Participant: 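Before anything else, here's the structure in question.
We use all heavy atoms of the structure for the numbers below, so side chains are in, but hydrogens, waters and symmetry mates are not. Predicted model only: the values in this text are computed from it and were never measured.
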Amino acid sequence: MHTLQLVVMAVATVAVMVHKTEGSVCHFAGIDCWNDEESRVLNIRLPDMGLKGQFPRGLNYCTSLTGLDLSNNELTGPIPSDIDALVPYMTRLDLSYNNFGGEITPNLANCSFLNKLLLDHNQFQGQIPPQLQDLGRLKAFDISSNNLSGPVPEFENRNFTAQIYSDNPGLCGGPLVSCPTTPRAFHFGMNPFSHESHGINFGAAIVGFFIVYWLAVLFFYFFIW
């Protein structure tokens, strides 16, 4: 079984070779380059490798990287909050079938070139960042089989089906069941000058008047008469 150290070593090796050699790195299994004469790594494909550890930060050395497939491994931890700085030109990101967890960083939305984002079958929690709806190029999206809750992003002009959200019992909105609405009721801290509170204040005034009136009647009855 491979470990995080091997993942980082592989990425670091690629990065060093990108700067010091011409072409040879492009013959590594799972590595695609722009061309064989120029070692600018375009894609890294390492699915089903038994990899362990966290998201490899050494990817920031692969400055031309547009595709990353780490699916079907045993990677853990969160997606780095600065992923938009690590892989700014990413168009395809597949982290499915791992053990990534924590909340999904909203900075993924800053990877504006993304057209494929697969995060299904992990342990992500919390809400799906609504900022993801701003990924205008996104065509393939799957976030099923996690522990997510709350409303799903409102993707415009894209017909994402309920299947991409399946096995997240707490999700709602979009192609799923409607999210529950909060009933409009009086609560402490309500603005007394708002339209919602006018009727409540008027009723409270009437009740207060009658209470004072009857207290006065009782007072005179028992203590003065």
Side-chain angles (χ1 to χ4, degrees), residues 1-2 7 30 32 42-56 59 65-183:
M1 300 291 286
H2 297 270
V7 176
D32 299 327
L42 181 65
N43 295 303
I44 296 178
R45 295 173 288 103
L46 299 173
D48 300 295
M49 298 287 289
L51 298 173
K52 293 183 178 180
Q54 297 189 350
F55 190 95
L59 291 175
L65 191 67
T66 62
L68 179 63
D69 183 355
L70 298 177
S71 61
N72 288 280
N73 283 293
E74 299 177 42
L75 301 175
T76 59
I79 296 176
S81 59
D82 59 345
I83 189 169
D84 52 329
L86 296 177
V87 287
Y89 305 111
M90 186 69 60
T91 63
R92 298 174 305 279
L93 179 61
D94 188 351
L95 302 180
S96 60
Y97 289 90
N98 277 285
N99 291 307
F100 287 110
E103 295 189 353
I104 300 172
T105 173
N107 288 335
L108 260 176
N110 295 330
C111 297
S112 58
F113 297 103
L114 273 174
N115 57 57
K116 181 178 181 179
L117 179 60
L118 305 180
L119 303 177
D120 54 289
H121 294 86
N122 280 286
Q123 302 296 322
F124 292 116
Q125 300 176 355
Q127 295 190 357
I128 304 174
Q131 293 89 340
L132 295 186
Q133 66 195 29
D134 297 328
L135 289 170
R137 305 185 184 204
L138 195 62
K139 304 299 181 186
F141 181 51
D142 195 340
I143 205 160
S144 60
S145 299
N146 280 283
N147 298 309
L148 297 163
S149 59
V152 301
E154 297 179 3
F155 293 103
E156 294 185 2
N157 302 320
R158 279 162 288 182
N159 296 320
F160 291 140
T161 66
Q163 186 62 33
I164 69 171
Y165 302 114
S166 63
D167 296 323
N168 289 286
L171 290 179
C172 60
L176 306 174
V177 297
S178 299
C179 294
T181 56
T182 303

Participant: Tell me every residue that passes side chain to side chain contact (heavy atoms under 4.5 Å, CB included) with S145, counting only those two or more places apart in sequence or in another chain.
Facilitator: H121, D167
Participant: Any sub-3.5 Å donor-acceptor pair from D69's side-chain atoms to P47's backbone N or O?
Facilitator: no
Participant: Please enumerate all residues that pass side chain to side chain contact (heavy atoms under 4.5 Å, CB included) together with A162, with sequence neighbours excluded.
Facilitator: P175, L176
Participant: Report yes or no: do N147 and Q123 form a side-chain donor-acceptor pair below 3.5 Å?
Facilitator: yes
Participant: Can you pull the salt bridge (Lys or Arg N to Asp or Glu O under 4.0 Å) pairs that have at least one residue in residues 117-143, sequence neighbours excluded?
Facilitator: none
Participant: Under 30°, 30 to 60°, or over 60°: which ring-plane class applies to Y165 and F141, parallel, tilted or perpendicular?
Facilitator: perpendicular
Participant: Rounded to the nearest 0.5 Å, what separates atom CG in N122 from atom OG1 in T76?
Facilitator: 10.5 Å
Participant: Which pairs with one or both residues in residues 130-179 pass disulfide bond (SG atoms under 2.5 Å apart), sequence neighbours excluded?
Facilitator: C172-C179
Participant: Quick one, D82 with N107, criterion side-chain contact (heavy atoms from CB on, under 4.5 Å). Give me CA distance, side-chain angles, the key distance, then yes/no.
Facilitator: CA-CA 7 Å; D82 59 345; N107 288 335; 5.8 Å; no
Participant: Could you tell me whether a side-chain N or O of N168 sits under 3.5 Å from a main-chain N or O of L148, the two making a donor and an acceptor?
Facilitator: yes
Participant: Going from CG on D48 to OH on Y97, what distance comes out if it is rounded to the nearest 0.5 angstrom?
Facilitator: 11.0 Å
Participant: Hey, are the side chains of Q54 and L75 touching, using non-hydrogen atoms and a 4.5 Å cut-off?
Facilitator: no
Participant: Answer yes or no: are there more than 12 heavy-atom neighbours, outside Y89 itself, under 6.0 Å from its atom OH?
Facilitator: no
Participant: Name all residues meeting the side chain to side chain contact (heavy atoms under 4.5 Å, CB included) criterion together with L93; count only those two or more places apart in sequence or in a different chain, and write none if there are none.
Facilitator: L68, I83, M90, L95, L108, L114, L117
Participant: Measure the CG-CG distance between L86 and L65 for me, rounded to the nearest 0.5 Å.
Facilitator: 10.5 Å
Participant: Rounded to the nearest 0.5 Å, how far apart are CG of L119 and CG of D94?
Facilitator: 8.5 Å
Participant: Supply the atom-to-atom distance L138 CG to C111 SG, rounded to the nearest 0.5 angstrom.
Facilitator: 11.5 Å
Participant: Using the side chain to side chain contact (heavy atoms under 4.5 Å, CB included) criterion, which residues pair with N43? Sequence neighbours excluded.
Facilitator: D32, T66, R92
Participant: Using the side-chain contact (heavy atoms from CB on, under 4.5 Å) rule, take F124 and I143 through it: C-alpha gap first, then chi angles, then the decisive distance, then the call.
Facilitator: CA-CA 9 Å; F124 292 116; I143 205 160; 5.5 Å; no
Participant: Quick check against the 3.5 Å criterion: does N73 have a side-chain atom that pairs as donor or acceptor with the backbone of G50?
Facilitator: yes
Participant: Atom CG of L135 and atom OG of S112: how far apart are they, to the nearest 0.5 Å?
Facilitator: 8.0 Å
Participant: Answer whether the closest heavy-atom distance between the side chains of I104 and N146 falls below 4.5 Å.
Facilitator: no
Participant: Any chance CD of Q133 has more than 12 other-residue heavy atoms, nucleotides or ligands included, within less than 6.0 Å?
Facilitator: yes
